[in-house]
Amino acid sequence: MKSGGGRLVAGNWKMHGSLATNRQLLKALVSGLAPLHGAEFAVCAPFPYLAQVATELAGSGIGWGAQTLSEHDAGAFTGEVSGEMLKDFGCTYAIVGHSERRQLNGEGDVLVGSKFVAARRNGLVPILCVGETLEERDRGETEVVVARQLDAVLKLAGVGAFRGAVLAYEPVWAIGTGRTATPAQAQGVHAFIRDRLSRSDAAVAATLTLLYGGSVKPGNAAELFAQPDIDGGLIGGASLVAGDFVAICEAASRG
Ligand code: 13P
């Protein structure tokens with residue numbers, strides 16, 4: 001364990017699942033992850049399945065979370081789900097600012113910041129996603145983009161809100177493409193993120209959990225998690241395959 005934040009592997013199911021397949025997957029995770037220590041594990045499921053996830057995971061020690069949340073707590077916001085509602089039935093995590101929400105749902109830095117604040121306000125642990133597109137990387141703008149995304153949230157929430165938070169570096173070009181960042185590339189950005197937060201508050205930066213996301217598989221997880229500033233992973237496709245997710249969690253609990 002390199003940081004004070006602890007080790008975490010979280011699955012992001014995205015818009016996948018059914019009652020029947022979820023049941024199978026969750027049962028396999030409960031038994032497969034039971035012997036593992038030294039890391040936390042969680043799944044982030046679509047809203048309609050969160051109650052099922054809560055029931056299946058009860059008493060297992062595996063956490064669960066949502067993939068987004070409203071920036072508001074209640075009101076005339078048709079179709080939205082608030083942090084207050086998520087907290088009401090025991091949710092721990094909320095992913096905020098996933099690149100798919102930024103790209104497909106038009107979520108900008110300020111809205112992402114407001115969602116981060118809403119998660120904190122309701123006692124949820126935000127998993128704040130940052131990361132550059134391939135064009136931005138090719139233009140040498142990775143750090144500029146990640147700094148912009150981080151600073152927007154810092155400005156709105158204040159550095160104290162980052163205490164114990166989870167950040168996920170997810171280069172857009174590595175998500176679902178099978179093309180993962182090299183451990184050195186990921187480590188470089190993770191160190192940059194921790195350093196950037198340290199400049200505001202070194203004690204808070206030491207409590208962050210920094211996840212890498214983007215085509216993490218059983219075959220590359222150990223090498224990624226061995227990097228000094230990579231505390232775990234945010235796993236998409238491989239989190240839908242019980243054996244793969246368990247193998248990735250094993251790599252994190254060994255690392
Ligand atoms: P993949 O693991 O499928 O590349 O997805 C990563 C991701 O977006 C997790 O949030």
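Both counts, for ligands and for their atoms, begin at 1 and track the order of listing.
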Please confirm whether Ala238 approaches ligand 1 to less than 4.0 Å, judged on its heavy atoms. no
Any idea which protein heavy atom is nearest atom 2 (O) of ligand 1, and the distance to it? Gly236 N, 2.9 Å
Can you sort out the partners of Asp244 under salt bridge (charged side-chain N to carboxylate O under 4.0 Å, His left out), two or more places apart, ordered by chain and number? none
Between the CD1 atom in Ile127 and the CG atom in Leu8, the distance rounded to the nearest 0.5 Å is 6.0 Å
Shortest protein heavy-atom distance from atom 3 (O) of ligand 1, along with the residue and atom involved: Gly237 N, 2.8 Å
Side chain or backbone, does Glu100 bring an N or O within less than 3.5 Å of an N or O on ligand 1? no
List ligand 1 atoms under 4.0 Å from Gly214, heavy atoms only on the residue side. 4 (O), 6 (C)
Which option wins on minimum heavy-atom distance to atom 5 (O) of ligand 1: Lys14, Arg179, Glu170? Lys14
Salt bridge check: are Asp73 and Lys87 linked by an N-O gap of less than 4.0 Å? no
Linking Ile, Leu, Val, Met, Phe, Trp and Tyr by side-chain heavy atoms under 4.5 Å, what else ends up with Leu134? Trp173
Aromatic ring centroids of Trp64 and Phe89 under 6.0 Å? yes
Ligand 1 versus Leu234, non-hydrogen atoms closer than 4.0 Å: side chain, backbone, both, neither? both
For the CG atom of Asn22 and the NZ atom of Lys27, what is their distance to the nearest 0.5 Å? 11.5 Å
Any atoms of ligand 1 less than 4.0 Å from a non-hydrogen atom of Ala174? List them with their elements. 4 (O)
Does ligand 1 have any atom sitting under 4.0 Å from a heavy atom of Lys217? no
Lys/Arg-Asp/Glu bridge criterion (N-O < 4.0 Å) met for Arg194, Asp229: yes
Proximal ligand 1 atoms for Gly176, defined as those under 4.0 Å from one of its heavy atoms: 1 (P), 3 (O), 4 (O)
Is there a heavy atom in Gly178 that sits closer than 4.0 Å to ligand 1? no
Mind checking the CD-CD spacing from Glu80 to Glu71? Nearest 0.5 Å is all I need. 6.5 Å
Are any of the N/O atoms in Ser215 less than 3.5 Å from those in ligand 1? yes
